Structure formats: C-alpha cells, structure tokens
Amino acid sequence: MSHRVRAEYDLVIVGSGIAGLSFALKVAEAGYRVAIFTKKDKAESNTNYAQGGIAAVTSAGDDLEKHVEDTLEAGDGLCDPEVVRDILRDGPSRIQDLVDLGVSFSSLDDGRISLGKEGGHSKRRVLHVQDVTGKAIEEALLANIAKQDVTLFEHYFAIDLITAKKARKLGVKVGGSGDRVLGLYLYDANRSKVLTVSAPVVLLATGGAGQTYLYTTNPSIATGDGVAMASRAGLPAMNLEFIQFHPTTLHSSDQDRFLITEAVRGEGVKLIDSQGKPFLKKYHPLADLAPRDVVARAIDREMKRSGSPFVRLDTPGMKGDFPARFPNIYENCLKRGFDALVSPIPVVPAAHYSCGGIPTEIDCSTKLNGLFACGEVACTGLHGANRLASNSLLEAVVMAHRGAERVCAFLDSRKKDNITLPDWVDGDVPASDERVVLSHNLEELKRAMWDYVGIVRSTKRLERARSRLLNLEREINEYYWNAKVDLSLLEVRNLICVAELIVRSALKRKESRGLHYTLDYPDLDEEAVNTLVPPLRR
Ligand code: FAD
Ligand code: SIN
C-alpha cells in the first residue's frame with residue numbers, strides 16, 4: 001500500500017547527521033520549505049558517536065598550508081588539491097557557526113581552546129568536546145532545527161529516487177529532456193506503508209557503509225543506502241575501495257567494537273605488542289601518530305606475526321588524567337571489564353569510514369539534476385586514498401554551507417512542474433517470510449567483506465568476495481520484486497549493492513595506495529587515478 005504527503009517541500013533531505021541537519025538549517029533560514037526524513041530516531045547517526053573532534057586551523061602556531069599538506073600526505077596522492085584548499089580554508093568560519101549554534105568546545109584552564117592531536121596531523125588542531133564531540137554537535141544541531149520551520153520525520157526509510165527517466169518509462173508525461181530528480185519513495189516503518197514524496201531537490205546525507213563489514217565502529221544505520229540509491233538512479237560510485245579501518249577499537253569476543261579515539265595516542269599513549277613493547281617506530285617515522293592506514297596495517301602485521309588476537313594501548317602510561325580527558329571512553333571500558341588506569345587495553349582495527357561515495361562538485365551537486373549529496377555519502381576529492389583524522393565532520397559542515405547556497409540558487413531559478421508521480425507498487429509476499437534467509441545473507445556478506453576485502457587484499461580474495469556477492473544479489477532479487485518491503489529487506493539489498501561496488505572498485509585498482517593494499521600489486525602506480533564504477537544493473 002502506498003500513500004502521499006500533502007505538503008510540498010522545496011528540499012527533501014535524507015538523513016539527520018551533521019550533514020543533513022547543517023544543510024537543513026541553512027536552507028530553512030533562507031525561507032525554503034525543508035523536510036528531513038531519517039530512518040531511526042533523529043539522533044541515531046555516525047555523527048552521534050564521533051569522539052576525537054573536528055579539525056580546523058584555529059591556533060596561532062598553525063596555518064592553512066600545514067593542514068593542506070597533512071591532508072594531501074594522508075590522502076597518498078589522490079586528493080584534489082584545489083578541493084582540499086577550498087574546504088579547509090572555510091574550516092574556521094564553520095567552526096564559528098557551530099559555536100554560534102551552541103557547541104561548547106573544551107577549553108584549557110587558561111581559557112584557550114583545547115586542541116587534540118591525531119594521526120597524520122603535524123599540529124594540535126582538533127577541537128573537541130571532551131571525548132563526545134559528535135554527540136555535542138548532534139544535540140546542538142537538533143536543538144536549532146527544533147526552532148526552525150523544518151519538518152523532521154523519524155522512522156522513514158528512503159527506498160529509491162524517482163527520476164524523470166524512471167517516470168517516463170512508467171508512462172508519466174515529464175516535460176523537458178534529460179534526467180532529473182522528481183521525488184522519492186520512503187518506507188514509513190511505523191505504519192508499514194510506502195510514501196511517495198515529490199521534491200525538486202533531494203539531498204542524500206545518509207552517511208557511511210561500515211555495516212558492510214563484520215567488525216565496525218559504525219552504528220546499525222550505516223548501511224550505504226545513499227550510494228545504493230544513487231547507483232540505482234544511474235550515477236557512478238567513486239573511490240569506494242578506500243575503506244578506512246580505524247586502528248584502535250576495544251577488542252571483544254563478540255561483534256561489539258567500541259572506538260578508542262586516536263586522540264588517546266595524541267596524548268602520548270603508545271601501542272604495544274604482546275611483549276609490552278612499542279612497535280610503530282618500525283613502520284613509520286611518526287610512529288603512533290602515523291596516518292591511519294599505516295597504523296592499521298602495522299597492527300594487522302603484528303597480530304599475524306605474534307598470533308595474538310589484539311595489540312594493546314598502554315593507557316596506564318599516559319601522563320595526564322585519563323578519566324578526566326576521556327570520560328566516556330574510561331566509563332565504556334570499565335563497563336566492558338577493562339580499567340584503563342590499571343592495565344593496557346586490548347585493541348583491534350575495525351571498518352570505520354568510507355572515503356569514497358557519490359561523486360560531487362564542491363557545491364554538493366551531482367551529475368543528476370536536482371540530486372545533491374553531502375557528508376560521508378559523498379566523494380568530494382578531499383580525502384583521496386585515506387582520510388586525515390577528524391576531517392570528516394569538518395567536510396560535512398563546510399560542504400553543507402556551500403551546498404545550501406547552491407540549492408537556494410537552484411530553487412530560485414527553477415520552473416515549477418506539476419507531475420503526478422507513479423505510486424509505489426508493493427509485492428504480496430511478506431518479507432518476514434524470508435527473515436531467516438535475510439539474516440543468513442547478511443552474515444555471509446559481512447564475513448566475506450571482512451575476510452576478503454579487508455586491510456590486506458589480493459585479487460583472488462576479491463574475486464572470492466565477488467562471486468559470493470553475485471550469489472547473494474541473485475538470491476535477494478529473486479524475492480525483492482514480489483515482496484512487501486520492510487526495513488531489513490531494504491537494508492540487506494543496499495548492503496549487497498554497496499559491497500559489490502566496493503569490490504568492483506578494489507578490483508579496478510591495480511596498485512597499492514593509501515587504504516587499498518593488495519599483495520598482487522604492492523607498489524604505487526604514479527599514473528593511477530580515481531576509480532569510477534558505473535551504476536549496477538537493477
Ligand atoms: P551520519 O552522521 O551517519 O548520518 C546519516 C543519517 O542518515 C542518519 O540519520 C541515518 O539514520 C540516516 N539514513 C541513512 N540511510 C537512510 C535512509 N535510507 N533513509 C532515511 N535515513 C537514512 N569524524 C571526525 O571528523 N571526527 C571524529 O572524531 C570522528 N569520530 C568518529 C567516531 C565513530 C565511532 C564513528 C562511527 C565515526 C567517526 N567519525 C569522525 C566519522 C564521522 O562521524 C562521520 O563521517 C560523520 O559523522 C558523517 O556524518 P553524516 O551526516 O554524513 O552521516
Ligand atoms: C577518532 O576519534 O579516532 C576518530 C576520528 C575520525 O574518525 O576522524
């Protein structure tokens with residue numbers, strides 16, 4: 001069954017993390033009608049769990065060129081230098097916006113702002129709110145959204161974009177030539193219904209895809225929905241092979257992977273091997289503060305060499321007051337049975353961040369007219385082959401500001417059209433009939449990605465992953481078109497799609513660079529460029 005929303009919106013945003021909320025505030029302030037649809041509770045997002053902070057040049061001893069240099073160095077030759085400079089230059093102004101919205105960054109006793117340090121940064125430049133920066137930002141943004149004329153719908157899952165091309169195929173008369181966005185279908189999880197929404201502009205701010213892996217720092221919302229929707233709407237995916245594995249998450253015998261921020265190492269804590277010895281110096285001159293790809297690979301190597309299922313962070317060795325600087329981490333470790341003041345804590349890498357995504361211009365526009373993307377779902381050229389720590393919250397706020405200006409200009413100049421969109425046609429088989437198959441599929445997918453598309457890859461492993469994914473895709477397609485959709489069916493379908501895009505991207509890259517390391521091509525190829533994977537068949 002399908003239903004429609006009566007109200008018309010100028011901009012429909014999918015996602016209520018830092019990117020979606022920041023974007024919404026700016027466009028609503030300009031007087032446009034904005035709706036945000038989000039698939040779970042409004043605060044549930046990767047943003048909400050960000051710990052380390054947000055990187056920007058705010059101190060006298062730092063400058064833009066150093067931040068640019070560090071970003072380019074971490075990105076291993078694949079960042080777009082112009083984009084890097086443009087985004088980082090806007091950092092201080094967007095930090096001021098966050099302060100104006102009520103984010104109260106931690107400060108030192110003398111009143112100066114407290115700046116953390118993370119891997120790959122040559123200076124202390126990470127503003128933070130203790131070790132719960134993302135939560136503080138999310139709360140401030142939501143509080144401001146509540147004061148604006150923005151409608152926020154919780155528990156609505158964006159299924160697919162409705163494009164002119166698709167509508168014409170279904171016999172709808174759509175003026176003009178070429179393709180553009182007309183609206184989207186959303187699954188209303190509380191009423192088990194699909195909603196058809198018209199909008200001249202849709203912003204995808206759906207975040208990352210960490211849930212493609214068995215072990216991840218990402219919450220359950222991170223299922224790559226935006227990338228999958230864009231691919232089905234005919235857009236390519238860019239640089240998806242560059243999945244960032246965070247080096248330090250608390251080891252546990254189940255799938256729980258609680259992040260231990262890199263800022264801990266910024267305060268002097270060292271990673272130690274099974275003999276209790278620091279080992280990072282062997283791998284990089286910056287040792288424990290080397291870029292993330294280097295540290296994650298070094299840990300992987302040490303674990304394989306020693307046979308130990310983890311390495312340790314020597315937290316008792318920290319000079320400052322660990323519980324005062326990292327209260328959330330200290331508490332969470334205690335809850336899981338580890339007192340960071342008493343013994344070094346066991347850590348392992350886990351999938352963390354997607355450096356690739358939907359290719360966008362520096363104003364969030366995509367190749368599909370009316371479709372914009374912002375935040376982790378987008379690929380702007382800032383991160384290249386490996387994101388510099390704490391550059392993603394920054395990218396989201398800077399790009400939201402730029403994108404909002406572009407969207408307002410787009411809305412000012414558009415001609416209104418009055419098209420009745422085709423209704424969603426649901427199948428009759430309840431997806432719940434296939435619940436067991438879906439959960440098996442999900443498990444198989446996550447394990448294949450972890451085992452074959454992880455920190456160290458090879459062509460054979462990638463091919464293995466691909467053949468499993470093709471089977472899973474065939475299976476899900478067999479019942480998707482007859483099924484009454486529900487949340488788990490939609491998410492598993494998207495995860496299979498994104499995993500396939502990741503594997504295809506990885507197979508295309510015949511070199512090792514940044515986060516993509518393959519035994520078959522261990523060297524960097526100076527001529528290699530960004531990877532673009534065409535849309536998958538539907
Ligand atoms: P998100 O914050 O993930 O928001 C995505 C939103 O989209 C959510 O509301 C989600 O429910 C919604 N959504 C997704 N799909 C759909 C759909 N189909 N329909 C409707 N809604 C949908 N970066 C830093 O710069 N500094 C840090 O210190 C830092 N620490 C981190 C710590 C952790 C544990 C994690 C997981 C990430 C961290 N990152 C950090 C990365 C950073 O948090 C994210 O990249 C960033 O928050 C992404 O913001 P976003 O708005 O793009 O996506
Ligand atoms: C962390 O706090 O270590 C995560 C920072 C990031 O992902 O940018």
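Just follow the structure's listing: the first ligand is 1, and inside any ligand the first atom is 1. All values reported here derive from a predicted model rather than from experimental measurement.
Heavy-atom distances between Thr38 and ligand 1 reach below 4.0 Å in at least one pair. For the pair Val14 and ligand 1, a heavy-atom separation below 4.0 Å is found. Arg387 counts as a contact of ligand 1, since one of its heavy atoms falls under 4.0 Å from the ligand. The closest approach between a heavy atom of Ser16 and any atom of ligand 1 is below 4.0 Å.
Ion pairing between Asp70 and Lys66 fails under the 4.0 Å rule for side-chain N and carboxylate O.
Not less than 6.0 angstrom separates the ring centroid of Tyr330 from the ring centroid of Phe326.
Applying the 6.0 Å contact sphere to NZ of Lys446 captures more than 12 heavy atoms from other residues, nucleotides or ligands. For NZ of Lys270, the number of neighbouring non-hydrogen atoms (other residues, nucleotides, ligands) closer than 6.0 Å is 12 at most.
Closest heavy-atom approach to atom 20 (C) of ligand 1 within the set Phe258, Phe153, Tyr156: this belongs to Tyr156. Around atom 5 (C) of ligand 1, the closest heavy atom drawn from Gly15, Ala189, Ala205, Ala389 belongs to Ala205.
Applying the ring pair (Phe, Tyr, Trp, His ring centres under 6.0 Å) criterion to His128, with sequence neighbours excluded, gives no partner residue.
Of all atoms in ligand 1, listed by their number and element, those nearer than 4.0 Å to a heavy atom of Tyr353 are 45 (O). Ligand 1 places these atoms under 4.0 Å from at least one heavy atom of Glu44: 8 (C), 9 (O), 10 (C), 11 (O). Per-residue contacts place Gly52 under 4.0 angstrom from the following atoms of ligand 1 (heavy atoms of the residue considered): 28 (O).
By the criterion of a heavy-atom distance under 4.0 Å, the side chain of His352, and not its backbone, is placed next to ligand 1.
The shortest contact between atom 2 (O) of ligand 1 and any protein heavy atom is with Thr47 OG1, 2.5 Å.
For the pair Asp76/Phe242, no side-chain contact is recorded, criterion being any heavy-atom separation below 4.5 Å from C-beta on.
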What does the N/O contact table under 3.5 Å look like for ligand 2?
unit_1, atom_1, unit_2, atom_2, d
ligand 2, 2 (O), Gly52, N, 2.9
ligand 2, 2 (O), Thr261, OG1, 2.6
ligand 2, 3 (O), His246, NE2, 2.7
ligand 2, 3 (O), Thr261, OG1, 3.3
ligand 2, 3 (O), Glu262, N, 2.7
ligand 2, 7 (O), Arg292, NH1, 2.9
ligand 2, 7 (O), Arg292, NH2, 3.4
ligand 2, 7 (O), His352, NE2, 2.7
ligand 2, 7 (O), Arg387, NH2, 2.7
ligand 2, 8 (O), Arg387, NH1, 2.7
ligand 2, 8 (O), Arg387, NH2, 3.3
ligand 2, 8 (O), Ser390, N, 2.6

